[in-house]
Number of protein chains: 2
Amino acid sequence: MNQMTQNADPGIPDVSEMLCFSIYSAGHAFTQLYRPLLDAIGLTYPQYLVMVALWRRDGRTVKELGETLFLDSSTLTPLLKRLETAGFITRTRNPRDERQVLLHLTEEGRRLKESTAEVSRCVQEAVGIDADTANKIQAAIDAIRDGIHKRKP
Amino acid sequence: MNQMTQNADPGIPDVSEMLCFSIYSAGHAFTQLYRPLLDAIGLTYPQYLVMVALWRRDGRTVKELGETLFLDSSTLTPLLKRLETAGFITRTRNPRDERQVLLHLTEEGRRLKESTAEVSRCVQEAVGIDADTANKIQAAIDAIRDGIHKRKP
DNA sequence: GGCGATTAATTTGTGCACGATTTAAATAGT
DNA sequence: ACTATTTAAATCGTGCACAAATTAATCGCC
């Protein structure tokens, strides 16, 4: 019995064999991959995802954004305040329903979009797989995520 | 042009089409799936991953554990202190190299393993895919993660 | 019209995750 | 032997992520 495995318990799976761990650690790897690229434009990775969502469709409420990103307002509120402080978005109460907060890009926030072509290119290169393969993996992961979300009861 | 897409910018991809977002949101879904199951035995999801690693092989250093989980000591130290306070592990300096901290399961920590069969069963049922499919997805995700880790320079 | 229930966002408290810095121990080079 | 370098943990500060509780506006129902 060699040094590496002398205390290994064969009845317990290694974390490396758990699907949840693969997803967990791959998520961290993406965060670390994005960090230096996004530092340059003053965003964190979750902030970048928010901006991508807003570049796609502006004028959403916090709730709508949360449904897109699967995040709730207690996560988004402080993050959105930081984006507001940075000058990338505005947060205004909806006059038609004062409970809602409407999110709008500022001119600076819209301009930021132009800086991200390089980010996407770097990430795509680092991931190093073709779009078709990526789509297949993604569909499988989305199905797992949606399956977990559905069976809440 | 319908209501849903009236402000959509076709030049920007939806977050839902980004592989990194699928992994990001699937990771959250797993955390939420595990939470109520692990609450019952007094662990968080990252703590559970640490325990799985230690059940597999006891007596590791913080560094070795970090290499397994892709986490560094600034994340692990406070988490391990909480596991120590909870009575599941001990943290002792290695007398042969006082820089290192050795991690050992307590009797209670070892006993906890018996409570996790039910957890694994629930997760497997929620994910709802066969082991073979899971392995294929996992291999693809691991390859992406390892590819990202490798190209640091 | 008024009031209980619902809804949207915020606040609060805990626990990761990680870059950067610090502390202390071991090792290397002369 | 002694200093410079390297290594392992811990510490510090910032920013998610989320449950639970709170606040305030709207809706539903009578």
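Reckoned from all heavy atoms, side chains included, excluding hydrogens, waters and symmetry mates. As the structure is a computational prediction, the values presented were derived from the model and not from experiment.
In this structure, A/T116 contributes its side chain and A/L112 its backbone to no donor-acceptor pair below 3.5 Å. At least one donor-acceptor pair under 3.5 Å links the side chain of B/E64 to the backbone N or O of B/T61.
The stretch residues 27-53 of chain B participates, sequence neighbours left out, in these ring pair (Phe, Tyr, Trp, His ring centres under 6.0 Å) pairs: A/Y24-B/Y45, B/Y24-B/H28, B/Y34-B/Y45, B/Y34-B/Y48. Contacts classified as ring pair (Phe, Tyr, Trp, His ring centres under 6.0 Å) and involving residues 56-103 of chain B (residues at least two apart or in different chains) are given here: B/F70-B/H149.
Note on A/R110 versus A/E107: salt bridge recorded, some NZ/NE/NH1/NH2 to OD/OE distance being below 4.0 Å. Residues A/R121 and A/E118 are paired through a salt bridge, judged by an N-O separation under 4.0 Å between the basic side chain and the carboxylate.
Residues B/M51 and B/I89 are in side-chain contact: their nearest non-hydrogen atoms beyond the backbone lie under 4.5 Å apart.
Only A/R91, A/R93, listed by number, bring a heavy atom of residues 85-94 of chain A to less than 4.0 angstrom from any atom of DNA chain C. Using a 4.0 Å cut-off on heavy atoms, the residues of residues 61-71 of chain B that approach DNA chain D are B/T61, B/V62, B/K63, listed by number. Applying a 4.0 Å cut-off to non-hydrogen atoms, none of the residues of residues 16-26 of chain A approaches DNA chain D.
Judged as a salt bridge (Lys or Arg N to Asp or Glu O under 4.0 Å), and not counting sequence neighbours, A/E114 has no contacts. In this structure B/D146 satisfies the salt bridge (Lys or Arg N to Asp or Glu O under 4.0 Å) test with no other residue, sequence neighbours excluded. When the side chain to side chain donor-acceptor pair (under 3.5 Å) test is applied to B/D130, the partners found at least two apart in sequence or on another chain are B/T133. Here A/E98 pairs with nothing under the salt bridge (Lys or Arg N to Asp or Glu O under 4.0 Å) rule; sequence neighbours left out.
The CD atom of A/Q100 sits 13 Å away from the C1' atom of D/dA24 (whole-angstrom rounding). Put simply, CD on B/E84 is 14 Å from P on D/dA9, counting in whole angstrom units. The nearest whole Å value for the distance from the CG atom in B/L83 to the C1' atom in C/dG15 is 12 Å. Here the C1' atom of nucleotide C/dA8 and the CZ atom of A/R60 are 17 Å apart, to the nearest Å. B/R99 has its CZ atom 16 Å from the C1' atom of C/dT22, to the nearest Å. Rounded to whole Å, atom C1' of C/dA8 lies 13 Å from atom CG of A/L80. Remark: C1' of C/dC16 and OH of B/Y48 are 18 Å apart, rounded to the nearest angstrom. Taking atom OH on B/Y45 and atom C1' on D/dC16, their separation rounds to 17 Å, with Å as the unit.
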Would you mind writing out the side-chain donor-acceptor pairs for residues 16-23 of chain B within the sub-3.5 Å range, not counting sequence neighbours?
| from | atom 1 | to | atom 2 | distance (Å) |
| --- | --- | --- | --- | --- |
| B/S16 | OG | B/D14 | OD1 | 2.9 |
| B/S22 | OG | A/Q138 | NE2 | 3.2 |
| B/S22 | OG | A/D142 | OD1 | 2.7 |

Distance-only donor-acceptor pairs under 3.5 Å for side chains of residues 74-81 of chain A, two or more places apart:
| from | atom 1 | to | atom 2 | distance (Å) |
| --- | --- | --- | --- | --- |
| A/S74 | OG | A/D72 | OD1 | 2.8 |
| A/T77 | OG1 | A/S73 | O | 2.9 |

Please list each protein N or O that sits under 3.5 Å from an N or O in nucleotides 11-15 of chain D, with the distance.
| from | atom 1 | to | atom 2 | distance (Å) |
| --- | --- | --- | --- | --- |
| D/dT11 | OP2 | B/K81 | NZ | 2.5 |

